[in-house]
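Given the structure is predicted, the values throughout are model-derived calculations rather than measurements. For ligands, and for the atoms within them, numbers begin at 1 and follow the listed sequence.
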Amino acid sequence: MTDDPPEGAVPAATRCGFVALIGAPNVGKSTLVNALVGSKVTIVSRKVQTTRALIRGIVIEENAQIILVDTPGIFVPKRRLDRAMVSTAWSGAHDADLVCLLLDARQGIDAEADAILAAIAGVRHERILVLNKIDLLPREELLALAKSANEREKFARTFMISALSGDGVGDLRRALAQMVPPGPFLYPEDQMSDAPMRHLAAEITREKIFQKLHQELPYQSTVETDSWSERKDKSVRIEQTIFVERESQRKIVLGKGGATIKSIGAQARKEIADILGVPVHLFLFVKVRQDWGDDPDRYREMGLEFPSE
Ligand SMILES: Nc1nc2c(ncn2[C@@H]2O[C@H](COP(=O)(O)OP(=O)(O)OP(=O)(O)O)[C@@H](O)[C@H]2O)c(=O)[nH]1
Ligand SMILES: [Mg+2]
């Protein structure tokens, strides 16, 4: 994304570039972005297909600003929303300066990883292989996996990390800082994300819904922040709408006597307040919108292109 600057225009001292993290759903891309940034900028869940749009996390390492692009997992798409997510993930890879391919070390090169390894041949940028979740298996198996992935495709470097425990994350961050191209910082030094806070706040509520209702309601919901106002006492009042597809799902989100939505709201409120550092009043509404998965407005709110079919 960074054009080559004219000679002498840029102090050689600084570097800056976009690093896309791609991989199958659930390999730990978002966990790694948060670990590299050192703060929560993108949501994580046990379920596949948590991330829907490109989220940028920003971190400075020595003289380099690394702009990490968290992408949706790459899988064989079925629905319109799937197609939008997968094409967004690949556009993230094509637009970046460097591409990190994450593999879940425990899964190894399964059918999903195999398809991504085949498709990554079309990505022109320098690639880095990251084997994640190394806390879950013995070292010999890791070395064998690193070898077979490198036989399949050319990688500039291979890292073995645990995004969860932080093992190897510092080494990866330092290497990325060396590998991004020379250039001026693109964001203020204290900025950690390019997403507006109202977007992260909606994502946090969606994460709590995923965590609480992942069995009953896997993908049929989306969350939007409708209003955000600061009150005189510095507290913030936030209203959000949770869209579901059917009345039965609305009942699930509400729970008996409203118990479920109350607990989702309490968890989200606490986390948003921790990030903002001020008290938060969070109001959640649940609406049935049968075809939200086919509604261009919902895609715009999620930051996705609306695929024509
Ligand atoms: N044991 C272990 N679990 C991890 C590690 N990194 C991530 N996880 C877990 O893997 C699950 C998926 O993590 P995410 O970061 O949401 O994965 P993702 O690749 O962003 O998933 P999508 O957004 O759905 O594509 C979560 O339960 C994480 O806690 C790791 O290094 N070790
Ligand atoms: Mg994710």
Side-chain angles (χ1 to χ4, degrees), residues 19-57 68-79 81-93 99-108 110 112-113 115-116 119-120 128-139 141-142 145-146 159-173 193 195 199-200 202-204 206-215 217-223 271 302-304:
V19 180
L21 276 65
I22 66 164
N26 219 40
V27 297
K29 300 176 292 298
S30 301
T31 307
L32 179 57
V33 167
N34 291 335
L36 285 165
V37 172
S39 175
K40 177 157 175 168
V41 293
T42 181
I43 65 169
V44 167
S45 89
R46 278 184 287 162
K47 290 294 292 185
V48 296
Q49 297 162 37
T50 304
T51 306
R52 289 182 174 162
L54 301 181
I55 312 265
R56 293 181 195 89
L68 300 150
V69 185
D70 186 17
T71 68
I74 295 169
F75 58 104
V76 180
K78 294 196 193 83
R79 304 164 305 163
L81 177 59
D82 300 343
R83 283 192 288 282
M85 286 161 53
V86 172
S87 88
T88 297
W90 281 117
S91 76
V99 175
C100 288
L101 172 65
L102 259 81
L103 296 181
D104 180 328
R106 204 180 28 174
Q107 302 285 333
D110 57 5
E112 265 173 341
I116 298 169
I120 205 178
I128 296 163
L129 178 66
V130 178
L131 305 184
N132 187 33
K133 310 198 186 181
I134 62 166
D135 50 299
L136 299 177
L137 83 170
R139 194 167 164 78
E141 289 179 37
L142 281 172
L145 176 58
F159 288 86
M160 300 180 192
I161 66 157
S162 169
L164 198 63
S165 75
D167 198 5
V169 171
D171 287 344
L172 175 60
R173 194 192 296 111
S193 166
H199 184 258
L200 180 60
E203 288 283 276
I204 286 171
R206 190 163 67 83
E207 179 187 73
K208 305 309 168 208
I209 297 171
F210 256 53
Q211 285 170 353
K212 197 162 181 75
L213 297 173
H214 63 99
Q215 257 132 14
L217 191 83
Y219 315 115
Q220 293 96 334
S221 67
T222 189
V223 181
E271 196 167 314
M302 286 186 263
L304 287 173

*Considering the heavy atoms of Arg46, write down every atom of ligand 1 situated less than 4.0 Å from one of them.*
27 (O)
*Everything protein-side that's N, O or S and under 2.8 Å from the Mg ion (ligand 2): list it, residue and atom.*
Ser30 OG, Thr51 OG1
_For Ala163, the ligand 1 atoms whose distance to one of its heavy atoms is below 4.0 Å_ = 6 (N), 31 (O)
*For Ala163, does its backbone N or O pair with a side-chain atom of Asn132 as donor and acceptor, under 3.5 Å?*
yes
*Closest non-hydrogen protein atom to atom 8 (N) of ligand 1, residue and atom name please, with distance?*
Lys133 CE, 3.7 Å
*Tell me, which protein residue and heavy-atom name are nearest atom 1 (N) of ligand 1, and how many Å apart are they?*
Asp135 OD2, 2.8 Å
_So if I count the atoms of ligand 1 from 1 in the order they appear, which ones are less than 4.0 Å from some heavy atom of Gly28?_
7 (C), 13 (O), 14 (P), 15 (O), 17 (O), 18 (P), 19 (O)
*Where Ala89 and Ile74 come nearest, the two heavy atoms and their spacing*: CB-CG1, 3.8 Å
*Decide whether an N or O pair under 3.5 Å exists between Pro72 and ligand 1.*
no
*Of all the non-hydrogen atoms in the protein, which one sits nearest to atom 3 (N) of ligand 1, and at what distance?*
Leu164 CD2, 3.7 Å
_Salt-bridge criterion met for Glu207 and Lys40 (N-O under 4.0 Å)_ = yes
*Is a side-chain donor or acceptor of Arg206 paired with a backbone partner of Thr50 at a separation under 3.5 angstrom?*
yes
*Check: Thr51 and Ile43 side chains under 4.5 Å, non-hydrogen atoms*: no
*If only atom types and distance count, is the side chain of Arg173 paired as donor or acceptor with the main-chain N or O of Gly168 below 3.5 Å?*
no
*What protein heavy atom sits nearest atom 7 (C) of ligand 1, and how far away is it?*
Thr31 OG1, 3.4 Å
_Check ion pair Lys133-Asp104 (N to O, under 4.0 angstrom)_ = yes
*asked:* Strictly distance-based, threshold 3.5 Å: is any side-chain N or O of Asn34 a donor or acceptor partner for the main-chain N or O of Val41?
replied: yes
_List the residues meeting side-chain contact (heavy atoms from CB on, under 4.5 Å) with Ser39, not counting sequence neighbours, and say none if there are none._
Val37, Met192
*If you have a sec, work out which protein heavy atom is nearest atom 25 (O) of ligand 1 and how many Å separate them, to one decimal?*
Lys29 NZ, 2.9 Å
*Mark yes or no for whether Thr71, through its side chain, and Leu21, through its backbone, hold a donor-acceptor pair below 3.5 Å.*
yes
*Taking only heavy atoms of Leu136, which atoms of ligand 1 are found under 4.0 Å from at least one of them?*
1 (N)
*asked:* Can you name the atoms of ligand 1, numbered from 1 with element, that are less than 4.0 Å from a heavy atom of Val48?
replied: 24 (O)
*asked:* Quick check on contacts: which atoms of ligand 1 are under 4.0 angstrom from a heavy atom of Thr50?
replied: 22 (P), 23 (O), 24 (O)
*Tell me which protein heavy atom sits closest to atom 21 (O) of ligand 1, plus the residue, atom name and distance to 0.1 Å.*
Asn26 N, 3.0 Å
*Just checking, is any N or O donor in the side chain of Asp135 or Ser162 under 3.5 Å from an acceptor N or O on the other one?*
yes
*Hey, does the side chain of Arg56 reach the backbone of Val69 with a donor-acceptor pair shorter than 3.5 angstrom?*
no
*Report the part of Gln49 in contact with ligand 1, treating N, CA, C, O as backbone and CB onward as side chain, heavy atoms under 4.0 Å; options are side chain, backbone, both, neither.*
backbone
*Below 4.0 angstrom, N of the basic side chain to O of the carboxylate: do Glu271 and Lys208 qualify?*
yes
*Nearest 0.5 Å, what's the CG-CZ distance between Asp82 and Arg52?*
10.0 Å
*Under 4.0 Å, heavy atoms only, figure out whether ligand 1 is touched by the backbone of Asn132, its side chain, both or neither.*
side chain
*Hey, is Ser45 one of the residues with a heavy atom under 4.0 angstrom from ligand 1?*
yes
*Mark up the atoms of ligand 1 that fall under 4.0 Å of a heavy atom belonging to Gly73, in ascending order.*
25 (O)
*Can you name the nearest heavy-atom pair linking Leu142 to Ala105, along with the distance?*
CD2-CB, 3.7 Å
*Can you list the ligand 1 atoms lying under 4.0 Å from a non-hydrogen atom of Ser162?*
30 (C), 31 (O), 32 (N)
